[in-house]
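Structure first, commentary second.
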Amino acid sequence: MSADYVLETRNLIKEFKGFTAVDDVNLQVARGHIHALIGPNGAGKTTVFNLLTKFLIPTSGQILFNGDDITAMKPAAIARKGVVRSFQISAVFPHLSVLENVRVALQRKEGHSFHFWRSQKVLDRLNERAYELLASVGLADFAEAQTVDLSYGRKRALEIATTLALEPELMLLDEPTQGMGHEDVGLVADLIKKVSKGRTILMVEHNLHVVSKLADRITVLQRGSILTEGDYSTVSADPRVREAYMGTAASEEQDRADEQAAMEVVEEARG
Ligand SMILES: Nc1ncnc2c1ncn2[C@@H]1O[C@H](COP(=O)(O)OP(=O)(O)OP(=O)(O)O)[C@@H](O)[C@H]1O
Ligand SMILES: [Mg+2]
C-alpha cells in the first residue's frame, strides 16, 4: 500500500530570471505528521513555502492536495479546501480585541452575509466557539484585551486561534518562532504540538531545537534541491547536512540577532 500523503509536489521548479531557486523538488507530507522544511540560508525554503501557499506560481511541476491537483488554484480556493497558512503579517487586527479577532475569522469561515449574524442565537454560538478556540490556545483570560497589547508569543497564539477557526486539514507555518525570546519559543512550540492533533502541519523553521522537539519528519533543502529526508536523529547525524549548515551558521545567528533587535524596536514603538 502506498503511504497516505496530504500534500505532494512533483518535479516542482521555480526559476527567477534564469536562476533556479527550487530545482525539481518532490516533497511528500504524510497525513498526521508535523513535517519540517529546513536548510541553510538561500536553500529555497521560503520559495517552496510560497509556491505551496500560492503566493508564487511555479515555473513547472505540480502540487497535489489529497491527490487533487491544486497547482493552478488561488490562495482563497485552497483555504476553502483546508490548506491554511498561518503567520501572515496581517493575520490579526491590532486594534480589535482578542475575542473580536477570533470572531472575524469564524465569520470568514462561515462566509455568510452580514445579516445572518444579527440572529442572537447565531451570535451566541459564535461567541461560544470563539471562547473555545481562545481557551485551546491559552488565551481565555485575554479575550477582552486589545490585540496590540499582547506579548509577541501571545499574538502568535492568537494567530493560531484564527487559523484554527478555519478548521484547516493542513496548516502551513512560516517560521513560527522567528524573532522570539526563549520563553515565547517554548510557548509556541508547545502550542503547535497541541494543535497538531488530528491534522497535518508543514513548517519552515530555523530553530533546530524546535524542529527536534516537534517534527516527525524533516526535509533538508540545499540550493533548491532536497539534500536528504528523515527523522531528526537521522538527518542531524548526516555529514552532508552538517556540511551544508557550516559557514552559514554564524551568519544565521547574526540574522537572528538583527531580527530580535528590530523586533524590540518595533514593539517599543508600538508602546
Ligand atoms: N523574487 C526573487 N527573485 C530573484 N531571486 C530570488 C527571489 N526570491 C528568492 N530568490 C533567490 O532564491 C534563492 C532561495 O531563496 P529563499 O528565500 O527561498 O531561501 P530560504 O531557504 O528561505 O533562505 P533563508 O533561510 O535565508 O530564509 C536565494 O538565492 C534567493 O536569493
Ligand atoms: Mg526564508
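Counting convention: from 1, in listed order, for ligands and their atoms alike. By convention here, the first residue in the shown sequence is residue 1. The analysis underlying the following values was restricted to heavy atoms, covering all of them including side chains, and did not include hydrogens, waters or symmetry mates.
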For this session: Number the atoms of ligand 1 from 1 as they appear, then name those within less than 4.0 Å of a heavy atom of F19, with their elements.
Result: 11 (C), 12 (O), 13 (C), 29 (O)
Seminar exercise, completed: Under 4.0 Å from one or more heavy atoms of A43, ligand 1 contributes atoms 19 (O), 20 (P), 21 (O)
For this session: Kindly write out the residues that satisfy salt bridge (Lys or Arg N to Asp or Glu O under 4.0 Å) with R31, not counting sequence neighbours, or none if the list is empty.
Result: D4, E169
For this session: Sort and list the pairs that fulfil salt bridge (charged side-chain N to carboxylate O under 4.0 Å, His left out) and have at least one residue in residues 123-136, not counting sequence neighbours.
Result: R125-E128, R129-E132
For this session: Output yes when the distance from some N or O of ligand 1 to some N or O of F16 is under 3.5 Å, and no in every other case.
Result: no
Exercise. With respect to atom 21 (O) of ligand 1, which of E175, K17, K45 exhibits the smallest heavy-atom separation?
Worked result: K45
Problem set entry | Which segment of H206 sits under 4.0 Å of ligand 1 when only heavy atoms are counted | side chain
For this session: Look at the side chain of T162 and the backbone N and O of A105, then say whether any donor-acceptor pair between them is shorter than 3.5 Å.
Result: no
Exercise. Transitively linked via ILVMFWY side-chain contacts under 4.5 Å: L27 with V6?
Worked result: yes
For this session: Look only at the side chain of K54 and the backbone of T71, and say whether a donor-acceptor pair between them is shorter than 3.5 Å.
Result: yes
Problem set entry | Check: K45 side chain, V220 main-chain N or O, donor-acceptor pair, under 3.5 Å | no
Exercise. Are T234 and D231 close enough, and set up right, to give a side-chain hydrogen bond (donor to acceptor under 3.5 Å, both in side chains), and what steps lead you there?
Worked result: CA-CA 5 Å; T234 310; D231 62 14; 2.5 Å; yes
Exercise. What closest approach, in Å, do Y152 and G179 show between heavy atoms, and which atom pair accounts for it?
Worked result: CE2-O, 3.8 Å
Exercise. Within less than 4.0 angstrom of ligand 1, does G44 place any heavy atom?
Worked result: yes
Exercise. How would you list all residue pairs meeting salt bridge (charged side-chain N to carboxylate O under 4.0 Å, His left out) that involve residues 221-230, not counting sequence neighbours?
Worked result: none
Exercise. Taking only heavy atoms of N41, which atoms of ligand 1 are found under 4.0 Å from at least one of them?
Worked result: 23 (O), 24 (P), 25 (O), 26 (O)
For this session: For the Mg ion (ligand 2), state how many protein N, O or S atoms fall inside a distance shorter than 2.8 Å.
Result: 1
